Amino acid sequence: MFNVDKIRQDFPILQRQVNGKPLIYLDNAATSQTPQQVIDVIVDYYSHYNSNIHRGVHTLSQEATDKYEAARNTIQKHFNAKHAYEIILTAGTTHGINLIASGFSSLLKKDDEILVSALEHHSNIVPWQMLCEKTGATLKVIPMNMDGELVMSVYDKLLSKNTKLVFVNHISNALGTINPIEEIISKAHEVGAAVLVDGAQACPHLKPDMQALDVDFYVASAHKMCGPTGVGMLYGKEAWLKKLPPYQGGGEMIAEVSFEKTTYADLPHKFEAGTPNICGGIAFGAAVDYMNAIGFEAIAKYEHELLDYATAELLKIEGLKIFGTAKEKTSVISFNLEGIHPYDVGTLLDKMGIAVRTGHHCAQPIMNFFNIPGTVRASFAFYNTKAEVDTLVSGVKKAKMMLS
Ligand SMILES: *Cc1c(COP(=O)(O)O)cnc(C)c1O
């Protein structure tokens, strides 16, 4: 049974006060909070077996290596990858995307085309622009409609035999739209293009199945799903990971080194140069276990109730407009009050202990589309409550009164 009061006890930070008020944390799309179960794993690592992995014969190194590889297996099972070595542990989503972009720079040529969606995070736009500059390939954009949904009929027209790569996020961090990635992937495969899905925003809310999706690459960050910052995962199909050149040279990623020739290590180590975030990787595994113990179906159902409730209550406020009204969306609400700058609303809400994000959410093209400087974004996690939604709504009303 899903019991939010019990779940909240797992998160020590939810007990704190901000500006003399109980913290109401509604910035989960930027980073999620960390349960005691994951904090304990971090403390245990540094208290008992902190050491470098994969190279020592000593006990601590062996323990750290075993736990790190066990975390990789946990992540593999969670994402239903066929092999553990198809899971590359990265520094996060941005790192994973750059790794793929860099790998494709040796595979693309002039006249090749890359499609990205209009809903992308900056981390999913800039690396492709850099890649196009380097290779002479062309970047094309799948547009969106006023609800913040991708226009699939235009996607169909953009696809051609020149399309080599399609990059799309699973869920938009700015608007909460859930993109139809199954359809995007199968249509891309019909023309022989590979697909990379940015799952940073999806993984806190659902459990994507790599084999069922038949996706070529999928990236995520631990810190958006109850884990620590600076660690994430890149899933790649074995054939692709074998084809792509290594991203960085260094220790861990080699088989043999001489000045004449260096041969690379097998997967996944080929893409894991240097000492990784060992503690972070182990804690990422613990975060995945934590979320699975609650259950993604229960999480999705509860968050949807919060989303529907918050949407209905916020829309009762006169002059409040929500951006991102897709039929399929997660618990992200981007909104503005007529004639009031989002930054001012966010500042006043912080005075009341309510943490929301304001600004362009690393997605300036979306803001340009709606012709606004930014929005106030409240994003809900499974540990938020209806009572917190009520406080948010009365806070927004108060802010509106003070600012108009
Ligand atoms: C947060 C986020 C990113 C960037 O993740 P990092 O952990 O900062 O690398 C990329 N894409 C989306 C959709 C995100 O929400």
Side-chain angles (χ1 to χ4, degrees), residues 25-34 38 75 88-102 116-130 141-142 144 148-150 166-181 184 195-206 208 215 217-235 247-248 271 276-277 280-281 283-284 287-288 303 323-324 326 328-334 355-367 374-375 377-381:
Y25 185 77
L26 302 178
D27 194 18
N28 295 287
T31 200
S32 56
Q33 292 304 341
T34 318
V38 173
I75 294 162
I88 312 297
L89 291 167
T90 63
T93 301
T94 306
H95 177 202
I97 293 168
N98 278 280
L99 190 157
I100 300 302
S102 154
V116 297
S117 92
L119 281 167
E120 295 312 306
H121 189 276
H122 291 165
S123 74
N124 215 357
I125 301 173
V126 182
W128 311 122
Q129 289 172 329
M130 289 162 64
V141 180
I142 311 162
M144 65 171 176
E149 296 166 325
L150 294 180
V166 177
F167 297 99
V168 62
N169 57 33
H170 194 164
I171 293 182
S172 155
N173 67 306
L175 304 180
T177 310
I178 305 176
N179 288 316
I181 60 166
I184 290 171
V195 181
L196 164 60
V197 173
D198 171 353
Q201 209 56 241
C203 293
H205 307 292
L206 50 87
V215 66
F217 305 102
Y218 195 99
V219 287
S221 294
H223 73 94
K224 299 221 172 135
M225 44 190 303
C226 297
T229 56
V231 64
M233 76 103 203
L234 157 67
Y235 161 81
Y247 179 44
Q248 290 178 316
F271 292 106
N277 183 349
F284 185 7
V288 166
E303 288 177 343
F323 297 90
E328 300 291 330
K329 68 177 276 189
T330 44
S331 47
V332 170
I333 302 181
S334 251
V356 293
R357 177 131 308 209
T358 65
H360 54 60
H361 319 297
C362 295
Q364 266 171 349
I366 298 179
M367 301 303 132
T375 66
R377 182 186 71 185
S379 50
F380 305 92

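One-based numbering, in listed order, for ligands and for the atoms of each. Note that these values count all heavy atoms, side chains included, but never hydrogens, waters or copies made by symmetry. On a predicted model such as this, the values are computed, not experimentally measured, just so you know.
Below 30°, between 30° and 60°, or above 60°: for His170 and Tyr218 the angle between ring planes is above 60°, a perpendicular geometry.
In terms of polar-atom proximity, Asn169 is not counted as a contact of ligand 1, lacking any N or O under 3.5 Å from an N or O of the ligand. An N or O contact shorter than 3.5 Å links His223 to ligand 1 by distance.
For atom 15 (O) of ligand 1, the closest non-hydrogen atom on the protein side is Gln201 NE2, 2.5 Å. In this structure, atom 12 (C) of ligand 1 lies nearest to the protein heavy atom Asp198 OD2, 3.3 Å. The nearest heavy-atom contact from the protein to atom 1 (C) of ligand 1 is Lys224 NZ, 1.3 Å.
Of all the heavy atoms of Thr94, the ones lying under 4.0 Å from any atom of ligand 1 are found in both the backbone and the side chain. With a 4.0 Å heavy-atom cut-off, ligand 1 is reached by no atom of His95.
Put simply, CG on Leu175 and CD on Glu149 are 10.5 Å apart, with the number rounded to the nearest 0.5 Å. To the nearest 0.5 angstrom, Leu196 atom CG is 10.5 Å from Asn169 atom CG. Met144 contributes atom CE, which lies 8.5 Å from atom OG of Ser117 (distance to the nearest 0.5 angstrom).
Every atom of ligand 1 with a heavy atom of Asn173 under 4.0 Å away is listed here by number and element: 15 (O). Remark: ligand 1 atoms within the under-4.0 Å shell around heavy atoms of Ser221 are 5 (O), 6 (P), 7 (O), 9 (O).
Applying the side-chain hydrogen bond (donor to acceptor under 3.5 Å, both in side chains) criterion to Asn28, with sequence neighbours excluded, gives Tyr383, Asn384.
By the 6.0 Å contact criterion, CZ on Arg357 is open, its count of non-hydrogen atoms from other residues, nucleotides or ligands being 12 or less. In this structure, Gln248 places its CD atom where more than 12 heavy-atom neighbours from other residues, nucleotides or ligands lie under 6.0 Å away.
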